[in-house]
Amino acid sequence: MTWVIMLVSLAAAALCQMWLPAPAWLGQAKFPALMAVVLYYALNHGTGVMFGCAFLAGMLQDALSPIPLGYSGICFALAGWIASRFRRTVLLDAAVTPLVFGAACGSGAALALYVMLARQGLVAWPYGRLLLKLVGTGALGALCTLAAFLAIGRLDRLVGLTEAVEEFDGLG
Amino acid sequence: MHNDRYLVWIVILGTVVLLNLPLPASLRVKSGVQDSAAVFQNGMSLVIQRLREWAAFMGDAKARVAERAALQERVAMLQERVRELERVVDESAELRRQAGYATSAEFKLVPCRVVFRGDTSGWWQTMRLNRGGADGVGTNMAVITTDGLVGRTTTVSARSCEVLLVTDPNCKVSCRIRRTGAFGILRGMGMSPGGTGRAEMLSASGAFRLEYVPKESEMRVGDEVVTSGLGGVFPEGLLVGRVTRQRLDVSGMYQRADVMPAADMASLRYVFVVAGKAAAKEERRP
């Protein structure tokens, strides 16, 4: 059931990411909805599930944009792995957790992706606009990670997955 | 725990495979995902369009009734005009036949609806159209509106295609000034398809920049910039925009100009893909 919820969440996130506007005053930053789903699984589920989610999210983002396949997956997996290191040291129920992780990982993943694309000569942004986009992605990342935590958390609770994870964590 | 470890290795393996996929295979994977997504995108696009139309109608029902009556009157007038033009076209074709000319060149246009604008990453200025390879759309085809050039197709799947807008810095077009014939290279300056140009204030003053125009050639504000036809992607003579400012570049050897797009990039709903020429170019038969 975890994977079904994840696939539904990823599909919804991909549609949101495509449809939500990229404001010019935030450097045309997109809402990093796929990143938000990866962060949810990084902080609420096991490492394997998180990596699977990062792979699928990356593949979706790359397939629906001119990014070469695999690039976003690496960035998402890296961000998810770093977030999962803090899993036992943060308050998962506090709203500030998704806000902070969403902002940091949103900007971090966008920067990592930019570096990879720029090395291939696929993008070349002036530093001012790049900075604006990174700040914008951080701000939008904070918002949509909070929304993703609320929405997927509700879904997980609805199908009884949250309790199962907590029991597993207690044994682990 | 063991399952987790297997999953991690599967993901690492999958990522390595994806990174090393040959280009044709990579494009096939992308096309598959894009075609699957196109169904949802089209559906959502239509629903949103209908909702927008319904909201606009409900917002001002009385004006819409009057508008409908005016439109009916206009349709009747246009029908009469079409009949008149059909007669002129027939007459013209007959005269051309008698004078020994081939039929005039026309572009074969594929009408498309803009499904959404921007890619999922936001690094490029793109939009997705609801027509693809099955409708005759191919890669590197020019995309236009009735006002001017919009961009070129990049990746094409069976049921949709992606368009790189001319405002993207990666899109370079060989152009000429219509009045003087001077050539130059037009480059996008990253203007948002949203169209207000606010973000560009950090880096650019116009949506396009025309570069490498010989400094001897005269250039005026308001000059029309059209495609030159060189380069093989964009047909000759498509209106791109108008010069808003001109000056010498840093080397002092060439002129450069800021150009505003002729097409309204902020409200692109329907566009045409130029899928080649419909007929031979006009020339006198030997």
Side-chain angles (χ1 to χ4, degrees), chain A residues 11 14-15 17-34 46-56 58-74 77 81 110 113-114 117 121-129 131-133 136-137 172, chain B residues 1-12 14-21 23 25-27 29-34 36-37 40-41 44-45 48 115-126 128 154-155 162 164 169-170 190-200 202-204:
Chain A
L15 284 175
Q17 197 163 318
M18 279 187 289
W19 273 95
L20 290 171
W25 50 275
L26 283 179
Q28 292 164 35
K30 280 273 182 182
F31 279 84
L34 289 165
T47 315
V49 176
M50 181 277 290
F51 272 117
C53 182
F55 177 78
L56 292 173
M59 197 163 151
L60 264 177
Q61 173 156 309
D62 293 346
L64 296 171
S65 73
I67 302 173
L69 284 177
Y71 281 32
S72 300
I74 292 175
W81 179 74
L113 189 58
Y114 177 79
L117 294 172
L122 295 170
V123 290
W125 281 40
Y127 290 122
R129 281 189 68 199
L131 186 67
L132 187 63
K133 184 176 169 90
T137 308
Chain B
M1 201 63 184
H2 280 294
N3 280 345
D4 266 13
R5 200 170 296 162
Y6 288 135
L7 258 175
V8 172
W9 281 111
I10 289 169
V11 166
I12 291 171
T15 307
V16 171
V17 168
L18 277 186
L19 285 168
N20 291 290
L21 271 183
L23 190 63
S26 170
L27 288 177
V29 172
K30 280 194 170 203
S31 287
V33 176
Q34 284 166 3
S36 312
F40 297 102
Q41 290 165 357
M44 270 183 81
S45 163
I48 288 172
V115 176
F116 73 92
R117 280 184 276 173
D119 66 301
T120 49
S121 67
W123 290 111
W124 290 274
Q125 305 267 328
T126 59
R128 185 155 284 279
T154 49
T155 52
E162 193 164 59
L164 184 70
N170 288 311
M191 188 177 188
S192 162
T196 56
R198 278 167 292 190
E200 294 69 55
L202 293 171
S203 60

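Just so it is clear, the model here is predicted, and its values are computed rather than measured. Excluded from the calculations below are hydrogen atoms, water molecules and symmetry mates; all remaining heavy atoms, backbone and side chain alike, are included. All chains are named by letter (A, B, ...) in the order of the sequence lines, taking the proteins before the strands, and each is independently numbered beginning at 1.
Expressed to the nearest 0.5 Å, how far CG of L60(A) lies from OG1 of T120(B) amounts to 8.5 Å. Here CZ of F116(B) is found 6.5 Å from CG of L64(A). Values are rounded to the nearest 0.5 Å. Between atom CH2 of residue W19(A) and atom CZ of residue F40(B) there is a gap of 14.0 Å, rounded to the nearest 0.5 Å. Taken from NZ in K30(B) to CG in D62(A), the straight-line distance is 6.5 Å, to the nearest 0.5 Å. From L69(A), atom CG reaches atom CG of L21(B) across 6.5 Å, with rounding to the nearest 0.5 Å. Here the CG atom belonging to L18(B) is positioned 4.5 Å from the CZ atom belonging to F55(A), to the nearest 0.5 angstrom.
A cation-pi arrangement is absent between K30(A) and W123(B) under the rule of less than 6.0 angstrom and at most 45 degrees off the ring axis.
Neither the backbone nor the side chain of L26(A) comes within contact range of chain B; no heavy atoms are under 4.5 Å apart. Of the two parts of L23(B), neither the backbone nor the side chain holds a non-hydrogen atom closer than 4.5 Å to a non-hydrogen atom of chain A. Looking at M50(A), there are no atoms closer than 4.5 Å to chain B (heavy atoms on both sides), in backbone or side chain. Residue contact with chain A, scored on non-hydrogen atoms closer than 4.5 Å, involves the backbone and the side chain of Q34(B) alike. Contact annotation for S121(B): both backbone and side-chain heavy atoms come within less than 4.5 Å of a heavy atom of chain A. With a threshold of 4.5 angstrom between heavy atoms, T155(B) does not approach chain A through any atom at all.
Counting heavy-atom pairs under 4.5 Å between each of V8(B), I48(B), I12(B) and chain A puts V8(B) at the top.
In this structure, Q28(A) contributes its side chain and G122(B) its backbone to no donor-acceptor pair below 3.5 Å.
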Check against side chain to side chain contact (heavy atoms under 4.5 Å, CB included), T15(B) and Y71(A): CA-CA 9 Å; T15(B) 307; Y71(A) 281 32; over 6 Å; no
